[in-house]
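Notes follow once the structure below has been shown.
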Amino acid sequence: MPNADSVGNAIENVSIRGLLAGDSYEWGPDYRGLWGLFGSYEYLSPQVFRLATTTVSLGTVGQWWLSRTIALQGMVLGGVGFGASGTVADPRSATTTTA
């Protein structure tokens, strides 16, 4: 975010993932999870290029309590997506011609 001249230029990384439709499940007293349709969006913009992806996936996320204070979490997703990328031009290096 250093040297950002606007709020739009200040956002360099955004990653969102969520359950769109699904249900919860339990396997015994120590394991619980969610399964269903997940959606995600990612936007990465380090100073040289921009990258954006969107996906829709079928999968599960779960949590297994190993003890009262320690839990193991995991996620398995499989789906399809779309991505786009491009370079970011440096306005200071652009040349102008005059007639």
Side-chain angles (χ1 to χ4, degrees):
M1 277 195 272
N3 303 324
D5 57 357
S6 70
V7 174
N9 289 337
I11 298 174
E12 292 183 1
N13 298 316
V14 174
S15 182
I16 300 169
R17 181 176 294 129
L19 181 66
L20 300 175
D23 202 3
S24 62
Y25 63 90
E26 295 181 25
W27 288 344
D30 297 327
Y31 186 84
R32 295 182 181 182
L34 299 170
W35 71 272
L37 189 65
F38 288 82
S40 69
Y41 173 76
E42 292 190 54
Y43 175 79
L44 306 171
S45 181
Q47 301 297 316
V48 180
F49 64 92
R50 291 184 182 141
L51 171 71
T53 63
T54 58
T55 62
V56 62
S57 305
L58 186 62
T60 184
V61 58
Q63 178 171 291
W64 177 27
W65 285 99
L66 301 173
S67 71
R68 290 182 60 90
T69 57
I70 299 173
L72 179 65
Q73 297 177 336
M75 178 181 283
V76 176
L77 299 173
V80 296
F82 175 78
S85 65
T87 60
V88 178
D90 185 2
R92 291 172 286 174
S93 67
T95 60
T96 59
T97 58
T98 57

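If you read the sequence from its start, that first residue is 1, and numbering goes on from there.
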Exercise for review: Enter the distance from Arg17:CZ to Leu77:CG here, rounded to the nearest 0.5 Å.
Suggested key: 6.0 Å
Exercise for review: Would you please say whether a donor-acceptor pair under 3.5 Å links the side chains of Tyr41 and Ser15?
Suggested key: no
Point to revise | Short side-chain to backbone donor-acceptor contact, Ser57 and Phe38, under 3.5 Å | key: no
Practice item. Not counting sequence neighbours, list each pair that qualifies as a salt bridge (charged side-chain N to carboxylate O under 4.0 Å, His left out) and has a residue in residues 18-27. Key: Glu26-Arg32
Check your understanding: Which distance, rounded to the nearest 0.5 Å, do you find between the CZ of Arg50 and the CG of Leu44?
Key -> 12.0 Å
Exercise for review: Report the residues that fulfil side chain to side chain contact (heavy atoms under 4.5 Å, CB included) with Leu58, sequence neighbours left out, ordered by chain and then residue number.
Suggested key: none
Point to revise | Nearest atoms (heavy-atom pairs only) where Asn13 meets Ser45 | key: OD1-N, 3.9 Å
Check your understanding: What closest approach, in Å, do Tyr43 and Ala52 show between heavy atoms, and which atom pair accounts for it?
Key -> CD1-CB, 4.3 Å
Exercise for review: Enter the distance from Tyr25:OH to Leu34:CG here, rounded to the nearest 0.5 Å.
Suggested key: 7.5 Å
Practice item. Using the test side chain to side chain contact (heavy atoms under 4.5 Å, CB included), find all partners of Trp64 that sit at least two apart in sequence or belong to another chain. Key: Asp30, Tyr31, Leu66, Leu72
Exercise for review: Answer yes if Val80 and Leu37 sit in the same cluster of Ile, Leu, Val, Met, Phe, Trp and Tyr residues linked by side chain heavy atoms under 4.5 Å apart, and no otherwise.
Suggested key: yes
Practice item. Look at the side-chain heavy atoms of Ile, Leu, Val, Met, Phe, Trp and Tyr, link any pair under 4.5 Å apart, and say whether Val61 and Trp35 land in one connected group. Key: no
